[in-house]
Protein chains: 2
Amino acid sequence: MRNRPIPEATVARLPVYLRALLEVAEARGELTVSSEELAGMAGVNAAKVRKDLSYLGSYGTRGVGYDVEYLLYQITRELGLTQDWPAAIIGIGNLGRALASYRGFSERGFRIAALFDVDDGVVGEEVGGIAVRHLDELKESVVDQGISIGIIATPPMAAQEVAEKLVDAGVKSILNFAPAVVNVPPDVSVRKVDLSIELQILSFYQQRTQAIATAREANRRLGVRPPA
Amino acid sequence: MRNRPIPEATVARLPVYLRALLEVAEARGELTVSSEELAGMAGVNAAKVRKDLSYLGSYGTRGVGYDVEYLLYQITRELGLTQDWPAAIIGIGNLGRALASYRGFSERGFRIAALFDVDDGVVGEEVGGIAVRHLDELKESVVDQGISIGIIATPPMAAQEVAEKLVDAGVKSILNFAPAVVNVPPDVSVRKVDLSIELQILSFYQQRTQAIATAREANRRLGVRPPA
DNA sequence: TAGATTGTTAATCGATTAACAATC
DNA sequence: TAGATTGTTAATCGATTAACAATC
């Protein structure tokens, strides 16, 4: 099934399959991989893997599996990773610094091309081999360096303003680490990573787990047996 | 509607409403807030807000809206944020350090209670006011300090082993920053934050945006008019 | 009462999954 | 051919949304 828009849920899993395939390719020996194996590595079930991959086209062989190299290439291409998307980080605080020196980005083919801040104590400093520039130079830098991804690592108050500057400079993809919702035109993609929210969601499930454990303990004391 | 399990999608949005409500409460003046306002701040639609909040119980007043303070309390309680869930970070590299000194956690009520690494060059060092201990002391520390959340910030190779140690120590909630899938028993919750995967997904949408722009440009040149 | 806004229903949409025919 | 595994169908499930009666 070609040329149908790929579901969002599938897009979100493609990078997971990609990583699993890279692992298989590294381990060598195996030239093909089954949906069952891939599912195990990705932590999903095999039907989902096959359905997801079917959106890219019919790249498997019945009775055999998927050619590792070929599938790697197809997913890489589908995700747009064959192209260079230089990124800029705005807000060079603790988090911005960690992101700027995060090895994982360059390993996965993403190039941090510029850093920005508004604090004169930070502007000019070199972080991870790149000099921090003033936010006022954002637009110029985006155009000159062909930056296509903006990574917001500012305090929440500044996030919306920075997002607007990025949009004004022509950036169409934003990764937002600031604990704030930013509003952008519909042709701009924003993904939000909020560390505190992740912990808060975890807190909910932790509480639930504990409630279950407490109930079980109460039942045990009362001599209630759980259903077989 | 009480005592129905709250949908996962709703749980994931509660922290967003919480943040919006905190903003409203800070701005004062307004003692109540409508689903419409809340939706605007959270970046969702009003029907979703009302549906989500209805899972917590009927805490709104028709024709008036939601009492800000009361709703704040209910969401806080529902998420388990009235309790103390001490967290430990394992892997004190760049990311681990950033997380250890991340203000957002303490602001949102999460306490980083312990840090662990296996590198003798790092063990003993103090990061964000806490001495890094050796991973071998994990279990002891988890029990002594009542740690209930484990934050994995190790290289991918170590992630599974660390997850098992956490589970063995009795931890039921794990936040995994390592670019690897970890397998845990079904009673343990894992949330995964993968910075590279976020960028890869963004790359897909960036590519799509660009493809659309290119197609539009081609149409323009050919004199094709978009449908009104 | 008139206006505002919730809580809930029901329709719709999208994602998941088991099952199996197709086919290597 | 027999065994293995894909690709696709169809059933099911869960999430979203518009609409509106209930009610402040």
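Chain naming here is simple, since letters A, B, ... match the order of the sequence lines and numbering starts at 1 in each.
- As a whole-Å value, the separation of L71(B) CG from dT6(C) P is 11 Å.
- Taking atom CZ of residue R50(A) and atom C1' of nucleotide dT9(D), one finds them 12 Å apart after rounding to whole Å.
- Salt bridge E23(B)/R19(B): absent, no basic N to carboxylate O contact under 4.0 Å.
- For the OP1/OP2 pair of dT6(C) and a distance below 4.0 Å, the side-chain nitrogens and oxygens of S35(B) include at least one atom meeting the criterion.
- In this structure, L38(A) atom CG and dG7(D) atom P are separated by 12 Å, rounded to whole Å.
- Taking only distance into account, the side chain of R62(A) meets the base of dT6(D) through a donor-acceptor pair shorter than 3.5 Å.
- The CD atom of E36(A) sits 8 Å away from the P atom of dT6(D) (whole-angstrom rounding).
- The interatomic distance linking L53(A) (CG) with dG7(D) (C1') rounds to 11 Å, in whole Å.
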What N/O pairs connect the protein and nucleotides 14-17 of chain D at under 3.5 Å? Give each pair on its own line.
{"unit_1": "dT16(D)", "atom_1": "OP1", "unit_2": "R13(B)", "atom_2": "NH1", "d": "3.1"}
{"unit_1": "dT16(D)", "atom_1": "OP2", "unit_2": "R13(B)", "atom_2": "NH1", "d": "3.3"}
{"unit_1": "dT16(D)", "atom_1": "OP2", "unit_2": "R13(B)", "atom_2": "NH2", "d": "2.8"}
{"unit_1": "dT17(D)", "atom_1": "OP2", "unit_2": "N45(B)", "atom_2": "ND2", "d": "3.2"}
{"unit_1": "dT17(D)", "atom_1": "OP2", "unit_2": "K48(B)", "atom_2": "NZ", "d": "3.4"}
{"unit_1": "dT17(D)", "atom_1": "O5'", "unit_2": "N45(B)", "atom_2": "ND2", "d": "3.4"}

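- At distances below 3.5 Å, at least one donor-acceptor pair connects side-chain atoms of Q160(A) with backbone N or O atoms of N183(A).
- With contacts defined as side-chain heavy-atom distances shorter than 4.5 Å, the pair S34(B)/Y66(B) does not qualify.
- Contact check for R191(A) versus N176(A): no side-chain heavy atoms found under the 4.5 Å cut-off.
- Between A113(A) and P86(A) the shortest heavy-atom distance is CB-CB, 3.9 Å.
- By the neighbour-count criterion of 12 heavy atoms within 6.0 Å, atom CD of E36(A) is sparsely surrounded, having that number or fewer from other residues, nucleotides or ligands.
- In this structure a side-chain-to-backbone donor-acceptor pair under 3.5 Å is missing from T10(A) to I6(A).
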Full working for side chain to side chain contact (heavy atoms under 4.5 Å, CB included) between M41(A) and V181(B): CA-CA 7 Å; M41(A) 301 178 78; V181(B) 172; over 6 Å; no
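- One can place CG of L56(A) at 13 Å from C1' of dG7(D), the figure rounded to the nearest angstrom.
- Between Y66(B) and dA4(C) there is no side-chain N or O to OP1 or OP2 distance below 4.0 Å.
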Watson-Crick or G-U pairs under 3.5 Å in DNA chain C, rendered as dot-bracket with [ ] for crossing pairs and | for another strand: ..||||||||||||||||||||||
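- In this structure a side-chain-to-backbone donor-acceptor pair under 3.5 Å is present from K192(A) to A178(A).
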